[in-house]
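Any value given below was found using the heavy atoms of this structure, including those in side chains, with hydrogens, waters and symmetry copies removed. Order of the sequence lines sets the chain letters (A, B, ...), proteins ahead of strands, with each chain counted from 1.
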Number of protein chains: 2
Amino acid sequence: MLKISELAAQTGLSAHTIRFYEKHGLISASERSEAGYRYYSDADIRRAEFVKTARNIGFSLDDIGQLLSIRLDKDSHSCQEVTDITQHKLDEVNGKIAELKIMQQTLQRLLDSCGGGPEDATHCSIIEALEEGDVASTVSARNGGHS
Amino acid sequence: MLKISELAAQTGLSAHTIRFYEKHGLISASERSEAGYRYYSDADIRRAEFVKTARNIGFSLDDIGQLLSIRLDKDSHSCQEVTDITQHKLDEVNGKIAELKIMQQTLQRLLDSCGGGPEDATHCSIIEALEEGDVASTVSARNGGHS
DNA sequence: TATAAGCTTAGAGTTGGCTCTAAGGTCAAT
DNA sequence: ATTGACCTTAGAGCCAACTCTAAGCTTATA
C-alpha cells in the first residue's frame, strides 16, 4: 500500500494530478486510513500506470476513461471499440500534423524570402507578404483553430 | 469608413473578435461616431487584414503585436527582428510536429498490432500494451504537454 | 512534546483565444 | 412613432489539463 506521495514518485505524476485524476474518475485509492489518507493497492498502482502510459501517448483524459472501463470489463467490450478510440486519436493527430505542416511550409517560405540581415525592415519581404496577404495556403482547419 | 460589422464581413473576423483584438492592442478604429460607433479607415482595414493573415499563418496574438509594431515603424526595426520572430515560430511548429509524429507512430504501431475485430477485448493487444507500459518512445516534450 | 513534513478538502487560478451575455443606446426604414 | 437591426460596455464563460492555495488535521522524527 502506497501513500499518495509514494504513488506520485512511482508514476511520475504529482500528488495534485493524482487527486485531479481521481476527481475525474481515472484513479482511485482502494483504501483510506482512519484519518482519510489515501492508500493505493497494487491494482491501483497498475491502473495509475496505465493512465500515465495512455497519457504519454497523447490520449485525452476522456479517451482514457473509456479505455479504463474497457480494461475493467474486457469480456463485454470488443477489440474494435479499442481500435476505434485509437484510430480516432490517430486521425486527430494526423489532422494536426497536416495543419502544422502547412504552417511550417509557409513560415519556411517566408524565411527563405528574407535574408534577415541588420538592415531596416522597410523592404522586409516577410512584412510585405503579410501586408499583401499573399502567403498562400491558409490552414484549412476543420476545427477552425490553431492548437 | 466601415462599421464594425462591415470590417467583420471584409476580414472574416467576427465583430466580437475585432473588439477582442482591439482590447489587446492589435486593431483599432481611428474614428468613432458621436454615439461611440467604431469607424475603420483604409489604414485600419489594412492593419486588420495584416492581423488576419498573420493569424492564419499561426502567429500568436503576441507575435502579431510585435510584427505590428515593426510594421508601424519599419525604419527603426531590422529585418532580423522579423526573421527572429518567424524562426522562433517555425521552431515551435517543428517541435510540435516532432511530438505529434511520435504520437502518430505509437498509435499506428498499436493499431497495426491489433486487428480490431468484433471479438472481446480480453486479449486486445492495445490494452495489453498500455498495461505493460511498453509503448516505447514516450513524447519527450520539452514543455511537458500535449497541445 | 514539539516541530516539520505530509496529508485532507473545496475551490480558485492559469493558459490562449476566443465567444457570449446583459443591459442599454442608436439608426434606418416603414 | 415604432420596429428591428445594429452598436456600445464590462465582464463572465469556455476548453483541457493541470496547478496552486488556504486552512486545518496527522504522522514521524528528535
Side-chain angles (χ1 to χ4, degrees), chain A residues 1-29 31-40 48 51-52 54-66 68 89 92-93 96 99 103 139 141-147, chain B residues 1-29 31-40 48 51-52 54-66 89 92-93 96 99-100 103 139 141-147:
Chain A
M1 289 298 207
L2 301 185
K3 280 193 287 189
I4 194 166
S5 63
E6 293 163 337
L7 181 64
Q10 275 231 357
T11 57
L13 300 166
S14 75
H16 276 304
T17 300
I18 292 169
R19 289 191 202 98
F20 171 79
Y21 283 175
E22 179 179 308
K23 199 157 42 176
H24 289 262
L26 302 183
I27 286 177
S28 65
E31 282 197 51
R32 292 279 190 137
S33 75
E34 283 185 18
Y37 282 31
R38 291 169 177 82
Y39 282 97
Y40 297 92
V51 170
K52 179 76 193 308
R55 195 73 198 86
N56 275 345
I57 292 171
F59 285 110
S60 69
L61 302 191
D62 194 83
D63 292 335
I64 295 171
Q66 290 177 248
L68 283 169
K89 186 74 205 173
E92 195 183 306
V93 166
K96 280 190 194 168
E99 273 181 42
M103 287 189 213
V139 178
R142 285 150 304 175
N143 60 22
H146 306 295
S147 62
Chain B
M1 290 298 210
L2 302 185
K3 281 194 285 186
I4 195 165
S5 63
E6 294 164 336
L7 181 64
Q10 275 231 356
T11 57
L13 301 166
S14 75
H16 276 305
T17 299
I18 292 169
R19 288 190 204 99
F20 171 79
Y21 284 175
E22 179 179 307
K23 199 158 41 179
H24 290 261
L26 302 184
I27 286 177
S28 66
E31 282 196 51
R32 292 278 191 137
S33 74
E34 283 184 21
Y37 282 33
R38 291 167 176 83
Y39 282 96
Y40 297 91
V51 170
K52 179 75 191 308
R55 195 74 198 85
N56 276 345
I57 291 171
F59 285 111
S60 68
L61 301 192
D62 194 82
D63 292 334
I64 296 172
Q66 292 177 245
K89 187 73 206 174
E92 196 184 305
V93 166
K96 281 192 194 165
E99 274 180 40
L100 286 167
M103 287 189 212
V139 178
R142 285 149 306 174
N143 59 22
H146 305 296
S147 63

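- Contact between the side-chain N/O atoms of A:Ser5 and the OP1/OP2 oxygens of C:dC7 is found at a separation under 4.0 Å.
- Each of A:Lys23 and B:Ser33 lies near DNA chain C, and the nucleotide nearest A:Lys23 is the one positioned closer to the 5' end.
- Close to C:dC18, at under 4.0 Å from its OP1 or OP2, lies a side-chain N or O of B:Tyr21.
- Of the listed residues (A:Asn56, A:Asp62, A:Asp63), just one forms a side chain to side chain contact (heavy atoms under 4.5 Å, CB included) with A:Phe59, and that residue is A:Asp63.
- Closest heavy-atom contact between B:Ile4 and B:Ala15: CD1-O, 3.7 Å.
- We find that CG of B:Leu26 is positioned 14 Å from P of C:dG16, with the value rounded to whole Å.
- When the side-chain nitrogen and oxygen atoms of B:Arg38 are compared with OP1 and OP2 of D:dC6, none of them lie within a distance under 4.0 Å.
- Between B:Leu61 and B:Ala35, the residue anchored closer to the 5' end of DNA chain C is B:Leu61, taking for each the nucleotide with the nearest heavy atom.
- A salt bridge is defined here as a Lys NZ or Arg NE, NH1 or NH2 lying under 4.0 Å from an Asp or Glu carboxylate O, and B:Lys96 with B:Glu99 fails to meet this definition.
- When each of B:Tyr37 and A:Ser60 is assigned the nucleotide of DNA chain D bearing its nearest heavy atom, the one mapping closer to the 5' terminus is B:Tyr37.
- Heavy-atom nearest nucleotides on DNA chain D were determined for B:Gly36 and for A:His16, and the one closer to the 5' end corresponds to B:Gly36.
- Proximity of A:Ile27 to A:Arg19: side-chain heavy atoms (C-beta onward) are nowhere separated by under 4.5 Å.
- Atom CZ of A:Arg19 and atom C1' of D:dT19 are 12 Å apart (whole Å).
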